Amino acid sequence: MDATLQSVTNAARLLKAFLSREETLGVSELARRLGLGKSAVHRLLTTLAAEGLVTRAENGGYRLGMVVFELGEAVRAHMDLHGAAGPVLVELREQTGESSQVGVLDGDEVVYVDRLESSHSLRLFHETGRRVPLHCTSSGKVLLAAMPAERREAVIARGFPALTPHTIVAPDAVRAELAAVRRRGWADAVDEREIGVASLAAPVFGPGGDVVAAISVGAPVMRFLALPREHLVRCVVEAGEAVSRRLGWNPEMTDHPGEHADGGTRPPKPHDPSSGRLEESRHARV
């Protein structure tokens, strides 16, 4: 095995040694359990400590670091999201007849963590786990709009590729689009990532009111544009609210729609489709 891969394997084995639930483990004990030399274990511990995965205790032993706890919380949150979103995705697909999915932010991309395909013979094949850009997908726009202003501006400053002639890439145009997303409580993208593909997304809120995911419906453009506008918006926004409530979000404990001081998204009130501008904006862009 490649030396680098062997080191990764040994680091993983070392972390798993703490599953024994002992408060701390010393270098000698870890070396014995792993069948490695003390110097090799010490090097592994030093590297893992630098990344916050382990920390040295007062007795000279080592314990798991806070980063491991944070990773565990992230896994738990995604598991909770899967359980909360599953039944809602089924209903959303039944209401719209189209593919429904849930995406989360990972760096500067969206990762679909749950997805149900449309029953139509012509459908979009975007497997669970696929990564898509932020700026030209409806889920990405929802997540980008919800970022704190400083982080969002850093993403915008890095620039966006124009994947189609309809992709919004000019910084001021992106800012205007994201402001509209925050104002109305949903986002759409038609022919922006790929010609012939369209989607509409709404935010999913965690217990504290922060946006933790986006739920969306995607379809071929011609079928998407044939769906009743108000019905589609209402279905997706209400689906986002349903998942949010299943996660513990309480809209009565949060403020009205709009921006926080840092530019992030506040949880919306029940959506009024008449306030949307989907119809006119889509026909203007397509």
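As the structure is a prediction and not an experimental result, all values here were calculated from the model.
In this structure, L163 is not a member of the same hydrophobic cluster as V174, with clusters built from ILVMFWY side-chain heavy atoms closer than 4.5 Å. Linking Ile, Leu, Val, Met, Phe, Trp and Tyr residues whenever their side-chain heavy atoms come within less than 4.5 Å leaves V8 and F18 in two separate clusters.
The two residues A213 and V104 have their closest heavy-atom pair at CB-CG1, 3.9 Å. I215 approaches A239 most closely through the heavy-atom pair CD1-CB, 3.9 Å. Of all non-hydrogen atoms in A85 and V102, the two that sit nearest each other are CB-CG2, 3.7 Å. The minimum heavy-atom distance linking V67 with E51 is given by the pair CG2-O, 3.5 Å. Residue R246 comes nearest to A84 through the heavy atom pair NE-O, 2.8 Å, listed as atom of the first residue, atom of the second, then distance. Considering all non-hydrogen atoms of both residues, V190 and A198 come closest at CG2-CB, 3.9 Å.
You'll find the side chain of F160 reaches within 4.5 Å of the side chain of V155, heavy atoms only. Two residues are said to be in side-chain contact when any heavy atoms from C-beta on lie closer than 4.5 Å; V132 and E109 fail this criterion. Proximity of L232 to F224: side-chain heavy atoms (C-beta onward) are separated by under 4.5 Å at one or more points. Proximity of F205 to V212: side-chain heavy atoms (C-beta onward) are nowhere separated by under 4.5 Å. Considering only heavy atoms from C-beta on, W186 stays 4.5 Å or farther from V142 through its side chain. Contact check for I195 versus V221: no side-chain heavy atoms found under the 4.5 Å cut-off. Side-chain contact between L200 and V217 is absent, with no heavy-atom pair separated by less than 4.5 Å. Using a 4.5 Å heavy-atom cutoff, the side chains of H166 and C136 are not in contact.
Atom CZ in R152 sits 6.5 Å away from atom CG in L178 (nearest 0.5 Å). The structure places CG of D188 at 11.5 Å from OG of S216, a figure rounded to the nearest 0.5 Å. Residue T55 holds its OG1 atom at 11.0 Å from CG of L45, rounded to the nearest 0.5 Å. If you take CZ on R131 and OH on Y112, they are separated by 13.0 Å, rounding to the nearest 0.5 Å. Rounding to the nearest 0.5 Å places CZ of R234 at 15.0 Å from OG1 of T96. Interatomic distance, T137 OG1 to Q101 CD, rounded to the nearest 0.5 Å: 10.0 Å.
When atom types are taken as modelled, the side chain of R182 and the backbone of A146 share no donor-acceptor pair closer than 3.5 angstrom. Formation of a donor-acceptor pair under 3.5 Å by the T24 side chain with backbone atoms of A57 is not found in this model. Using modelled atom types, one side-chain atom of R229 and one backbone atom of L227 make a donor-acceptor pair closer than 3.5 Å. For the pair D106 (side chain) and V111 (backbone), a donor-acceptor distance under 3.5 Å is absent. A donor-acceptor pair is defined here as one N or O able to donate and one able to accept, closer than 3.5 Å; no such pair exists between the side chain of H135 and the backbone of A162.
With a 6.0 Å radius and a threshold of 12 heavy atoms from other residues, nucleotides or ligands, E153 has its CD atom above the threshold.
A salt bridge does not link R93 to E98: none of the charged side-chain nitrogens sits closer than 4.0 Å to a carboxylate oxygen.
Of the residues listed (L92, V88, V236), the one engaging S100 in a side chain to side chain contact (heavy atoms under 4.5 Å, CB included) is L92, and it is the only one.
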Open item on the list: side-chain contact (heavy atoms from CB on, under 4.5 Å), that's the test. Do R115 and L89 meet it? Break it down for me.
Closed with: CA-CA 8 Å; R115 181 177 176 82; L89 286 175; over 6 Å; no
Task: Worked verdict on T167 versus E192 for side-chain hydrogen bond (donor to acceptor under 3.5 Å, both in side chains) - done: CA-CA 4 Å; T167 308; E192 294 184 40; over 6 Å; no
- [ ] Apply side-chain contact (heavy atoms from CB on, under 4.5 Å) to the pair M147 and L134, showing each step before the final yes or no.
- [x] CA-CA 11 Å; M147 286 182 183; L134 288 174; 4.0 Å; yes
Open item on the list: Under the criterion side-chain contact (heavy atoms from CB on, under 4.5 Å), I'd like the reasoning laid out for V113 against L81: C-alpha separation, chi angles, the key distance, then a yes or no.
Closed with: CA-CA 9 Å; V113 295; L81 179 61; 4.1 Å; yes
Open item on the list: R158 vs D108, test: side-chain contact (heavy atoms from CB on, under 4.5 Å). Steps then yes/no.
Closed with: CA-CA 10 Å; R158 287 194 283 274; D108 288 355; 2.7 Å; yes
Expected list for residues 26-42: side-chain donor-acceptor pairs under 3.5 angstrom, two or more places apart:
{"unit_1": "S28", "atom_1": "OG", "unit_2": "K38", "atom_2": "NZ", "d": "3.3"}
{"unit_1": "E29", "atom_1": "OE1", "unit_2": "R32", "atom_2": "NE", "d": "3.3"}
{"unit_1": "E29", "atom_1": "OE2", "unit_2": "R32", "atom_2": "NH2", "d": "2.6"}
{"unit_1": "E29", "atom_1": "OE2", "unit_2": "R33", "atom_2": "NE", "d": "2.6"}
{"unit_1": "E29", "atom_1": "OE2", "unit_2": "R33", "atom_2": "NH2", "d": "3.3"}
{"unit_1": "R33", "atom_1": "NH1", "unit_2": "S20", "atom_2": "OG", "d": "3.3"}
{"unit_1": "R33", "atom_1": "NH1", "unit_2": "E22", "atom_2": "OE1", "d": "2.9"}
{"unit_1": "R33", "atom_1": "NH2", "unit_2": "E22", "atom_2": "OE1", "d": "2.6"}
{"unit_1": "R33", "atom_1": "NH2", "unit_2": "E22", "atom_2": "OE2", "d": "3.0"}

